[in-house]
Number of protein chains: 2
Amino acid sequence: MAQKGRDTVKQRMGKFGEEAPACVCFNIRKAARAISQLYDDVLRPSGLRVTQFSILAVTRRLGPVTVTRLAEETVTDRTTLTRNLKVLGQQKLIRITPGLDRREREVTLTDRGGAALAQAYPFWKKIQAQVTQRLGPDRYRRLLSDLRATLALARMN
Amino acid sequence: MAQKGRDTVKQRMGKFGEEAPACVCFNIRKAARAISQLYDDVLRPSGLRVTQFSILAVTRRLGPVTVTRLAEETVTDRTTLTRNLKVLGQQKLIRITPGLDRREREVTLTDRGGAALAQAYPFWKKIQAQVTQRLGPDRYRRLLSDLRATLALARMN
DNA sequence: GAAAAGTAGGTGTATATACACTTAGTCCTC
DNA sequence: GAGGACTAAGTGTATATACACCTACTTTTC
């Protein structure tokens, strides 16, 4: 009875505590933190983090590739990738050379980078197998598919 | 015929290009980056990032809460949370006070923090509704459920 | 062919993330 | 109740992330 036409903030957000756990973003981020820690932990003996492992792997697959293309493939902001590549370049795991179009830079996996990737591979394989096994094949496929859908949705705008 | 008992690195990693897209961690991280950008973009007028929004929301729900408890709830490394809380504290959105147990620190949402949350809420609500609508209720519930399973699995060790 | 438009990439700044280590306080055991 | 075990939190350091802005180069348009 204190107010009628106008809700208080408290009322408008009355269900907020219950809604927060439903936030798609919050939940994906939580899962990302947890799963990243797991993968990083298993990859640790290799000296590569999962982010670095992923970048090297994609670079290996795409051969000499521009920064922008690599950013698209990894769904990373280009400027973020620049910083990530810097670390890998310092460790001589990749090489960055000017492209024919002199605005472009081509990223190439070095021998050293290939060796690092090969060395890390069994660790990745092990944890990946464990995770997929524990999720079960159905849920695993479903999750990847739903994540793809979420990704597509997020980039839709 | 060059080698028989021993595979080359190339052979061992022959399918690597095809396996990388199947990496659970890589895919969750990609989705997390994309969805975070979307939420951050929509939340921008409110001045809160989705990470900050989440921390404030959880703080609001749990009332005065210790740093460790908040870290558990948000599945964030405690030292990460310390840094995140520092930013929120500087903006006076939270207050950090010594606990009864003098090792502990209690985090409380300030009035200013409550107001920021209330102001950001409609933006969150809007993008959350759009995302769940586009995913569809079934896939949305399934995704949250599978993410929970992944999270549990990752923390299992 | 010069100006404008468009494209590739980097920098400055700020937040987010977490490991290894440290500090400070509490509890527990004798 | 003193000493050691345990627990809560912060720091040093490094990587990850992305926005706003900038520079350099290429293409397009007249």
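So that the names make sense, note that chain A is the first sequence line, chain B the second, and so on, each numbered from 1.
Mapping I96(B) and I55(A) onto DNA chain D by nearest heavy atom places I96(B) closer to the 5' end of the strand.
The side chain of V87(B) approaches dT15(C) more closely than any other nucleotide in the set dA8(D), dT15(C), dG10(C). For D77(A), whose side chain is taken as the heavy atoms from C-beta onward, the closest listed nucleotide among dG10(C), dA16(D), dA18(D) is dA18(D). The Q37(B) side chain lies nearest to dA18(D) when the options are dA16(D), dA18(D), dG9(C).
Residue L56(B) contributes atom CG, which lies 14 Å from atom P of dT15(C) at whole-angstrom precision. Between the CZ atom of R102(A) and the P atom of dA24(D) there is a distance of 12 Å, rounded to whole Å.
A sub-4.0 Å separation between OP1 or OP2 of dA18(C) and a side-chain N or O of T80(B) is present.
At a threshold of 4.0 angstrom between heavy atoms, the contacts of R33(A) are confined to the sugar-phosphate backbone, with no base atom among them. Contacts of T66(B) with the nucleic acid, taken as non-hydrogen atoms under 4.0 Å apart, involve only primed sugar atoms and P, OP1 or OP2. Within the 4.0 angstrom heavy-atom criterion, no nucleotide atom of any strand lies near R69(A). Across all strands, R83(A) comes closer than 4.0 Å to base atoms (heavy-atom distances). Counting non-hydrogen atoms under 4.0 angstrom, T79(B) reaches a base of the nucleic acid.
Across F123(B) and P45(B), no two heavy atoms sit closer than the pair CZ-CB, 3.8 Å. The shortest heavy-atom contact between S36(B) and R29(A) is OG-NH1, 2.7 Å.
Hydrophobic clustering (ILVMFWY, side-chain heavy atoms < 4.5 Å, transitive): L151(A) and V42(B) are in distinct clusters.
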